[in-house]
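A short worksheet on the structure shown next.
Since the structure is predicted, the reported quantities are computational estimates derived from the model, not experimental observations.
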Amino acid sequence: MDSRIKALLSEQQITLKYDELDCGGLYVDELNWIIVDNRLNEHEQEKIILHELGHAAKQKGLSNLYNATTALHTKMEAEANRFMIREELENYRLEYDEAELSPVKFLESFGLLLAFEPYVSKVLSELL
């Protein structure tokens, strides 16, 4: 596992667990656990961990709102996705020369929806 992910888990004092899940992963707010499907490859697990870290970092103590309404659920998922994307972009920009950085190539290489392109472009411009 990437050292920056280990550091984020440590900073948030999150226990990471692996099990067979019907979903990729989940954050258990009450226990401060992230549980990841152990059948996923390492790259997918890291994406899931970063997404769930987004829930922990941005929404700790708000788990009751997660299922309160569809709008809140959608907003919280989007916030966790943005956290994951920003963290992945931090690494991505270090691997390539500035001229080679491409929001679309980033999204394709990480298996993310092209709908995130405006956000990726914005974050890349902030990081450079």
Tell me, which pairs form a salt bridge (charged side-chain N to carboxylate O under 4.0 Å, His left out) where one or both residues lie in residues 63-84, sequence neighbours left out? none

Checking Y92 now: which residues fulfil ring-ring contact (aromatic ring centres under 6.0 Å, His included) with it, not counting sequence neighbours? Y96, F106

Decide whether L89 and L94 are clustered together by the hydrophobic rule: side chain heavy atoms of Ile, Leu, Val, Met, Phe, Trp, Tyr closer than 4.5 Å, transitively. no

Within the 4.5 Å heavy-atom criterion, are L50 and L8 side-chain neighbours or not? yes

Test item: L40 and K47 side chains (from C-beta on) under 4.5 Å apart, heavy atoms: no

For H55, which residues count as a ring-ring contact (aromatic ring centres under 6.0 Å, His included) partner, sequence neighbours excluded? H51, Y66

Quick one, L112 and M84 - any side-chain contact, counting heavy atoms below 4.5 Å? yes

Contacts of type salt bridge (Lys or Arg N to Asp or Glu O under 4.0 Å), residue E88, not counting sequence neighbours: R4

When you group the ILVMFWY residues by side-chain heavy-atom contacts below 4.5 Å and let the links chain together, are L107 and L127 in the same group? yes

Salt bridge (charged side-chain N to carboxylate O under 4.0 Å, His left out) contacts in which one or both residues fall within residues 92-102, not counting sequence neighbours: E90-R93

Keeping E52 on the side-chain end and I35 on the backbone end, is there a donor-acceptor pair under 3.5 Å? no

Same cluster for L21 and V28 if Ile/Leu/Val/Met/Phe/Trp/Tyr side chains link at under 4.5 Å? yes

Test side chain to side chain contact (heavy atoms under 4.5 Å, CB included) applied to L65 and Q59, step by step: CA-CA 9 Å; L65 298 177; Q59 302 156 6; over 6 Å; no

What pairs meet the side-chain hydrogen bond (donor to acceptor under 3.5 Å, both in side chains) rule with one or both residues in residues 107-121, with sequence neighbours excluded? E117-S121

Out of curiosity, R39 CZ to N41 CG, how far, rounded to the nearest 0.5 Å? 13.0 Å

Is the side chain of T74 donor-acceptor paired with the backbone N or O of T70 at a distance under 3.5 Å, no angle test? yes

Co-membership, hydrophobic cluster, residues V104 and V123, 4.5 Å side-chain: yes

Please name all residues satisfying ring-ring contact (aromatic ring centres under 6.0 Å, His included) with F116, sequence neighbours left out, ordered by chain then number. none

Using the salt bridge (Lys or Arg N to Asp or Glu O under 4.0 Å) criterion, which residues pair with K105? Sequence neighbours excluded. none

Return the minimal non-hydrogen interatomic distance between A57 and F83, and the atom names on each side. CB-CE1, 4.0 Å

Connected via hydrophobic side-chain network under 4.5 Å: L114 and I85: yes

Can you tell if the side chain of P103 reaches within under 4.5 Å of the side chain of L124, non-hydrogen atoms only? yes

In short, side-chain hydrogen bond (donor to acceptor under 3.5 Å, both in side chains) pairs touching residues 16-27 with sequence neighbours left out are Y27-D29, Y27-N32, Y27-K60

Holding to side chain to side chain contact (heavy atoms under 4.5 Å, CB included), I want the full list of residues that pass it with S125, two or more places apart in sequence or in another chain. none

For L9, which residues count as a side chain to side chain contact (heavy atoms under 4.5 Å, CB included) partner, sequence neighbours excluded? M1, I5, I14, L16, I34, I49, L53

